[in-house]
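Written below as structure tokens is the structure these notes are about.
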Protein chains: 2
Amino acid sequence: MGQFLSRMEPFRRLSQAERLRLAAVAREKRYDKGDTIFRAGQPADAVCVVREGRVHLMKFLEGGQASTTCVMTPGETFCCLPALDGKPYPVDAVAAVDSTVICIPTSAFHELLRKNPAFLQDSLCLFCDRLRQVEDKSCMTYDSVERRLAKSLLMLSKKFGPTIPLTKQELAELANTTQETTIRILSQLSKQGVIRSARGKTTILRPEKLSAFLDP
Amino acid sequence: MGQFLSRMEPFRRLSQAERLRLAAVAREKRYDKGDTIFRAGQPADAVCVVREGRVHLMKFLEGGQASTTCVMTPGETFCCLPALDGKPYPVDAVAAVDSTVICIPTSAFHELLRKNPAFLQDSLCLFCDRLRQVEDKSCMTYDSVERRLAKSLLMLSKKFGPTIPLTKQELAELANTTQETTIRILSQLSKQGVIRSARGKTTILRPEKLSAFLDP
DNA sequence: ATAATGACATGACGTACGTCATAGAAGGAT
DNA sequence: ATCCTTCTATGACGTACGTCATGTCATTAT
């Protein structure tokens, strides 16, 4: 596990000794597809790193609608926010597929923040990235579903490459729309040759066409 | 100015000496209503504190639509984010009314972060609050305009009390909708006695009725 | 093999809400 | 007063998209 963390932000710049101490207190947990890792409002006892699989950070709206704010892939760290301010988790975390997650007790994380300025700096940058991402999403309300989907697909292709392994339902939750509308729009895009759609995955064939939806 | 800052987060816990040094490098600037304080993408040279007036953090969408992500009132600090990670401002800042803003060079801010752990901690908390707020907004896409407006009004009443000094257009930008729809919904709420609407301000008469829109 | 489940797909229908047009009030400037 | 600007208000109209209903494939389970 120390090996794994040593290649990931914000743990890259830890010393050998620090990494060993971290590995000693961290624990790996397995989650099945659909399992809830934690819920919004729970006191935050751990900072998490995806080891394997895929974790969605999401909110469940009053109407039962699910809204995914962030998709975390292997190597990504999530929920350092509660570790920084001591308040509860702001979102639910759900394993979108069978996943392994490394859980680091907030106390250990906090100690590293205090003792290692480089680690603090890297953690903050990670955190700032997160805020910038969320801020981008927050003004999507005014966009059409087509644009929201295009944005979501482009964002995902940065993590997964051209082939995005999410179901249409999951894409819908990211774009804050329904599965039906998502499918309708994606099948249009298929006909235009912009993407290819298959069960459980979507392949971007012409990213520039997707970007074109965003500019004008 | 030192006086003023000494009562505001995250500057409360600075020492007398630190505050004096800060006051020496900080500068007060006046902005007229409608002036842009900075634009998204600009390199961030200052952390700002509202001394007087009202500043809106906003994004301008491709269609020319304005979306307000945050309303800053006297005593509130904005854009410490770029000071933390060194990247550009993520949003535009616009004076919504004639305003005075205290500008603190990022270098000075950064130095305080490094030297004063309590200041770092308070800044982080402030920052985390911000992320939590934005995260709340990011899933509003699925809400009806009525709910988005109710949320916005309740949020604003925490800053301004029952009487909210924003124009209908400004409320619309917060709720990511149009001025027309905002007016239509607000005049319904007026008829139901939930609010009272006047030129440039809206008074909440029955906050509990507004909250009622959010739960079910 | 058959059933059961989940992902994908498509049609029909209604409505919330954006757009456009128009106009009345309330202030501000001259 | 008169003009001008800004804010508020209301009607008419179209459409994007949510909802419901139904059906077809793939997968997995029995």
Side-chain angles (χ1 to χ4, degrees), chain A residues 32-34 54 56 61-67 94-98 139-150 152-153 163-191 195-203 213, chain B residues 32-34 54 56 61-67 94-98 139-150 152-153 163-191 195-203 213:
Chain A
D32 290 337
K33 173 178 173 175
R54 174 158 51 88
H56 289 193
L61 311 183
E62 306 75 7
Q65 288 297 352
S67 167
V94 176
V97 298
D98 292 354
C139 62
M140 285 202 332
T141 313
Y142 223 107
D143 284 347
S144 67
V145 172
E146 190 169 47
R147 295 170 76 105
R148 278 182 270 154
L149 270 173
S152 302
L153 286 173
T163 296
I164 291 155
L166 300 219
T167 66
K168 308 296 177 274
Q169 174 67 40
E170 289 173 322
L171 288 175
E173 286 167 7
L174 248 182
N176 283 320
T177 181
T178 60
Q179 167 249 28
E180 292 96 324
T181 304
T182 301
I183 288 174
R184 273 186 251 267
I185 289 177
L186 289 186
S187 53
Q188 270 187 269
L189 291 176
S190 274
K191 279 173 199 157
I195 62 166
R196 179 166 339 111
S197 171
R199 187 189 180 84
K201 63 186 180 189
T202 302
T203 304
F213 284 123
Chain B
D32 289 337
K33 174 178 173 173
R54 175 159 51 89
H56 289 193
L61 311 183
E62 306 76 8
Q65 289 296 351
S67 167
V94 176
V97 299
D98 293 354
C139 63
M140 283 201 334
T141 314
Y142 224 107
D143 284 347
S144 67
V145 172
E146 189 169 49
R147 293 169 76 105
R148 278 183 270 154
L149 271 173
S152 301
L153 287 173
T163 295
I164 291 156
L166 302 218
T167 66
K168 307 296 176 273
Q169 174 67 39
E170 289 173 320
L171 287 176
E173 286 168 8
L174 248 184
N176 283 318
T177 182
T178 60
Q179 167 248 30
E180 293 95 325
T181 304
T182 301
I183 288 175
R184 274 185 250 269
I185 289 176
L186 289 186
S187 54
Q188 269 186 269
L189 291 177
S190 274
K191 279 174 201 158
I195 61 165
R196 180 170 333 116
S197 171
R199 187 188 180 85
K201 64 186 180 188
T202 302
T203 304
F213 284 123

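Residue numbering restarts at 1 for every chain, and letters A, B, ... go by the order of the sequence lines. Keep in mind it's a predicted model, so treat the numbers as computed, not measured.
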Tell me: NZ of B:Lys168 to C1' of D:dA9, nearest whole Å?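 Value for this atom pair: 11 Å.
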Whole angstroms only, please: what is the CD-P distance between B:Gln188 and D:dA9?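 B:Gln188 atom CD is separated from D:dA9 atom P by 13 Å.
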Suppose we screen for side-chain contact (heavy atoms from CB on, under 4.5 Å). Which residues come up paired with B:Arg196, at least two apart in sequence or across chains?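 Only B:Thr203, B:Leu205 meet the side-chain contact (heavy atoms from CB on, under 4.5 Å) criterion with B:Arg196.
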B:Lys33: partners by side-chain contact (heavy atoms from CB on, under 4.5 Å), with sequence neighbours left out: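 Partners of B:Lys33 by the side-chain contact (heavy atoms from CB on, under 4.5 Å) criterion, ordered by chain and then number, come out as B:Asp98.
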With [X], which residues qualify under side chain to side chain donor-acceptor pair (under 3.5 Å), at least two apart?
{"X": "A:Asn176", "result": "A:Ser67, B:Thr141"}
{"X": "B:Ser152", "result": "none"}
{"X": "B:Gln65", "result": "A:Tyr142"}
{"X": "B:Ser144", "result": "none"}

Of the residues in residues 176-186 of chain A, which ones touch DNA chain D at a heavy-atom distance under 4.0 Å?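 Within this stretch, A:Thr177, A:Thr178, A:Glu180, A:Thr181, A:Arg184 sit under 4.0 Å of the strand.
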Look at all strands and tell whether [X] reaches a base, only sugar-phosphate, or nothing, counting heavy atoms closer than 4.0 Å.
{"X": "A:Ala175", "answer": "nothing"}
{"X": "B:Ala198", "answer": "sugar-phosphate"}
{"X": "A:Gln65", "answer": "sugar-phosphate"}

Expected rows: protein N/O vs nucleotides 27-30 of chain D N/O, under 3.5 Å:
none

Under 3.5 Å, sequence neighbours excluded: what are the donor-acceptor pairs made by side chains of residues 181-189 of chain B?
{"unit_1": "B:Thr181", "atom_1": "OG1", "unit_2": "B:Thr178", "atom_2": "OG1", "d": "3.0"}
{"unit_1": "B:Thr182", "atom_1": "OG1", "unit_2": "B:Thr178", "atom_2": "O", "d": "2.8"}
{"unit_1": "B:Ser187", "atom_1": "OG", "unit_2": "B:Ile183", "atom_2": "O", "d": "3.0"}
{"unit_1": "B:Ser187", "atom_1": "OG", "unit_2": "B:Arg184", "atom_2": "O", "d": "3.0"}

Closest-nucleotide mapping onto DNA chain D: is B:Lys33 or B:Ser187 further toward the 5' terminus? I mean the 5' end.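 Its nearest nucleotide being more 5', the pick is B:Lys33.
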For A:Lys191 and for A:Tyr142, locate the closest nucleotide of DNA chain C by heavy-atom distance; then report the residue assigned to the nucleotide nearer the 5' terminus.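 Taking each residue's closest nucleotide, the earlier one in sequence belongs to A:Lys191.
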Atom [atom1] in [X], atom [atom2] in [Y]: separation rounded to 0.5 Å?
{"X": "A:Leu149", "Y": "A:Met140", "atom1": "CG", "atom2": "CE", "answer": "8.5 Å"}
{"X": "A:Arg199", "Y": "A:Thr167", "atom1": "CZ", "atom2": "OG1", "answer": "10.0 Å"}
{"X": "A:Ile164", "Y": "A:Thr202", "atom1": "CD1", "atom2": "OG1", "answer": "6.5 Å"}

Over all atoms of both residues, closest heavy-atom pair of A:Ala172 and A:Gln179: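 Closest approach of A:Ala172 to A:Gln179: CB-N, 3.7 Å.
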A:Glu170: what forms a salt bridge (Lys or Arg N to Asp or Glu O under 4.0 Å) with it, not counting sequence neighbours?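 For A:Glu170 the salt bridge (Lys or Arg N to Asp or Glu O under 4.0 Å) partners, ignoring immediate neighbours, are A:Arg54.
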What does the inter-axis angle of the helix from C:dA1-D:dT30 to C:dT30-D:dA1 come out as, five pairs per end, nearest 10 degrees?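 Result, rounded to 10 degrees: 40°.
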For DNA chain C, note the earliest and the latest nucleotide, 5' to 3', having some atom under 4.0 Å of a heavy atom belonging to chain B.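 It runs C:dC17 to C:dA26.
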I'd like to check B:Arg147 versus A:Leu61 (side-chain heavy atoms, cut-off strictly below 4.5 Å). Are they in contact?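 Result no, sub-4.5 Å side-chain heavy-atom pair not found.
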